[in-house]
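Report on the structure given below.
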There are 6 protein chains.
Amino acid sequence: MQLSARNQFCGTVKDVKLGAVMAEVAVDIGGQELVAAITRASAERLQLQRGDQVTALIKATEVLIGK
Amino acid sequence: MQLSARNQFCGTVKDVKLGAVMAEVAVDIGGQELVAAITRASAERLQLQRGDQVTALIKATEVLIGK
Amino acid sequence: MQLSARNQFCGTVKDVKLGAVMAEVAVDIGGQELVAAITRASAERLQLQRGDQVTALIKATEVLIGK
Amino acid sequence: MQLSARNQFCGTVKDVKLGAVMAEVAVDIGGQELVAAITRASAERLQLQRGDQVTALIKATEVLIGK
Amino acid sequence: MQLSARNQFCGTVKDVKLGAVMAEVAVDIGGQELVAAITRASAERLQLQRGDQVTALIKATEVLIGK
Amino acid sequence: MQLSARNQFCGTVKDVKLGAVMAEVAVDIGGQELVAAITRASAERLQLQRGDQVTALIKATEVLIGK
């Protein structure tokens, strides 16, 4: 499946922190850290753990620009 | 000003495409392209143009993970 | 690839409307219409057109509840 | 009040899971599950509980398309 | 209908700018301007025009904090 | 740094509620309350506390209109 998301970054999971409802997933993308806040249920369904190869996806409409 | 956005990527504007209401800004971040869809009025207010040094900001809650 | 997005609805593209920067994609999901606003470049990259089988993905954090 | 949100799905609350800050609300919309992550305070203000008739609202700009 | 959105600001439409797909709506909320980018079809469905009394709704998860 | 976010409201932090992964920050902006849900790690990095002068930032694409 090809996705409409304009921003797709491949990386390696560095850390997964689980809360009651949400989870925080830190991904190393070429030396830079990218953090995702997803539901805990999604983190568990994907069985996310340190070392996993993942893709971080971000819609263009969600990006702000600072100059 | 420090921002709560967990994801902050520095880069160089490669291209700005203006629509009537929206604008698409392509940013080169270390060889990878990141695309932002912002309002045209914001692109004009920041006078965004090819070569500008900018920061792309993304809230953690806006990131999806694929595995 | 499995995705963290909690909401994934399969359907058929009913209509694609292209603007300069953005595109609007109407998807029929079991008789109900779901509308996505994505970048025109994404609509073109996926070559979206009427009749395509697609999946609409929505993060749980993007959903509001009214009661 | 009429809302600009292009996607409005009526359904029945199946489950509410409360965290410290966030809450997860599962809604049955015609046999399909839709999940919303809202703040716990909102879930409490709306007194959301299993069996409630609710409407799930999603902006078109928040929807991704996969093909 | 009560909505889960934590941020609900009443105001008066100052300006509506229509693009092909998107529309920009400027709302005066107590002397401060708030801008919404919605689809053109939503702006037309709500028949938004200068002087309309409206409510701007924003999920808490969409707000960034700068300090 | 100038930001593309169309909506920037200055205010004073009234309350910070910390969860395991997320945090809820209530900001008083001229007598009206604005609530942000950010990651706990961001709230801690910015050392947000009652009385802080902050700016709440919201992209135009995240705003819904009700009429």
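As a basis for the values below, the full set of heavy atoms in this structure was taken, side chains included, without hydrogen atoms, waters or symmetry mates. Residue numbers start from 1 in every chain, and the chains themselves are labelled A, B, ... in the order their sequence lines are given, proteins ahead of strands.
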Using the side chain to side chain contact (heavy atoms under 4.5 Å, CB included) rule, take A:Glu24 and F:Met22 through it: C-alpha gap first, then chi angles, then the decisive distance, then the call. CA-CA 9 Å; A:Glu24 184 179 304; F:Met22 299 295 286; over 6 Å; no

Mind checking the CD-CD1 spacing from F:Gln2 to A:Ile65? Nearest 0.5 Å is all I need. 13.0 Å

Chain A heavy atoms under 4.5 Å from F:Met1: which part of the residue, side chain, backbone, both or neither? both

Which atoms form the tightest heavy-atom contact between [X] and [Y], and what is the distance?
{"X": "F:Thr61", "Y": "A:Thr61", "result": "OG1-O, 3.4 Å"}
{"X": "A:Leu18", "Y": "F:Val21", "result": "C-CG2, 4.0 Å"}
{"X": "F:Ala20", "Y": "A:Gly19", "result": "CB-CA, 3.8 Å"}

For F:Leu3, does its backbone N or O pair with a side-chain atom of A:Lys67 as donor and acceptor, under 3.5 Å? no

